[in-house]
Amino acid sequence: MKKLALLVVLFTFQQTYSQTHSHSGAQPMTYPDIDGYKTLKTDLHQHTVFSDGNVWPTIRVQEALRENLDAISLTEHLEYQPHEADIPHPNRNRSYDLALAEAKEHDLLIIHGSEITRSAPVGHNNAIFIQDANLLNVDKAEKAFSEAKKQNAFVFWNHPAWYAQSPKGTPVLSNFQEKRIKNGELHGIEVINSIDYSEEALTLALEHNLTIMGTSDIHGLIDWDYTEKGNHRPITLVFAKEKNMESIQEALFAGRTVAVYNDLMVGKAEFLKPLLQNSIEIVKSEYRPKSQVLEVQLKNVTSSDLLFENQMEYTFYDSSPVFEIASGETKQLLIKTLDTKTEIVLKLKALGCFTAPRQQPTIDWKVTID
Ligand SMILES: [Zn+2]
Ligand SMILES: [Zn+2]
């Protein structure tokens, strides 16, 4: 009887635990949806001990849950296995399998991936949404790419500006990449890799219609490299019809992304502009008594601090024309509209956001005055 009671208690505990436990951390990330799409937070370039990373795959899952990510991929180097003597793993799908098991009870999608690793000019490339990593582990890079295509993988060029492979720190698009793009075997490019941002990579993305990516390429701990320094990891926001594998894959092939690292956002105008539009909520708009000084309160609902510059004909009463709204904070603007209006168009340039190199978008918000 006692035994049975203990069993019941254990069973109940297990059930409650699996239904309620979460790994949510102190700084979960949040970004608003845009019209027609869910905004999914993804980090699609990460390493574990199954290549040259320092942690077990389960830790990557728990880190992602702490930051409220929607999808991750563990992209182990196929060809670089420094822990091989301690952790021999002829099956290159093992890292994915372990992450998948860990994520089972959670709302986190694990995308099967691998990093195809060569010296320049091939460089490093992630193939994600693969079926079997073992089949990509072949001698010739061309073969690895054609196998990835066979598996319907989405492939992106990693850290193309990495100075270890490109000493000037700028990406060099070689015949190899040109051919892969032409063959439909290369679909995206990292413009943000760990703490690095390459404007030249953005130019290549726009010129060759490659999907704009931002990733952490984490090898150690997210907490040590980012969180405890007051940063979030770099991510790719994917604008997907639904939160599922097929929708993310479709969105990546269609190029619906914005790369984000803290206050830096990089994306095609058609996605970055609506994202910014929804990133600011107007929570108050009211004239100061007996005046034409309009008080507008703007709330930044994202996890990025946003820097703006006034683009209106009206000037401000008490603020610099350049101002920041910190993540989650509300900023009060006093706008001198000269006449009493019933509505105005608030026009701000987002100085930390780029739709092309050195090109920052200006966003209009229609403000109805209470
Ligand atoms: Zn790499
Ligand atoms: Zn990597």
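The basis for the numbers below is simple: all heavy atoms, side chains too, and nothing from hydrogens, waters or symmetry mates. In each ligand, atom 1 is the first atom listed, and ligand 1 is the first ligand listed. What you are looking at is a predicted structure, and each value in this text was computed from that prediction instead of being measured.
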Any ring pair (Phe, Tyr, Trp, His ring centres under 6.0 Å) pairs touching residues 80-105, not counting sequence neighbours? F50-H89, H77-Y80, Y96-H112

Pairing of R256 and E250 as salt bridge, 4.0 angstrom limit: yes

Pairs satisfying ring pair (Phe, Tyr, Trp, His ring centres under 6.0 Å), at least one member in residues 313-355, at least two apart: F316-F323

Polar protein atoms near the Zn ion (ligand 1) [N, O or S; cut-off under 2.8 Å]: E115 OE2, H124 ND1, H159 NE2

Ionic contact status for K41 with D70, cut-off 4.0 Å: yes

Do E63 and R60 sit within salt-bridge range, that is, some charged N less than 4.0 Å from a carboxylate O? yes

Pairing residues for K284 by the salt bridge (Lys or Arg N to Asp or Glu O under 4.0 Å) criterion, not counting sequence neighbours: E295

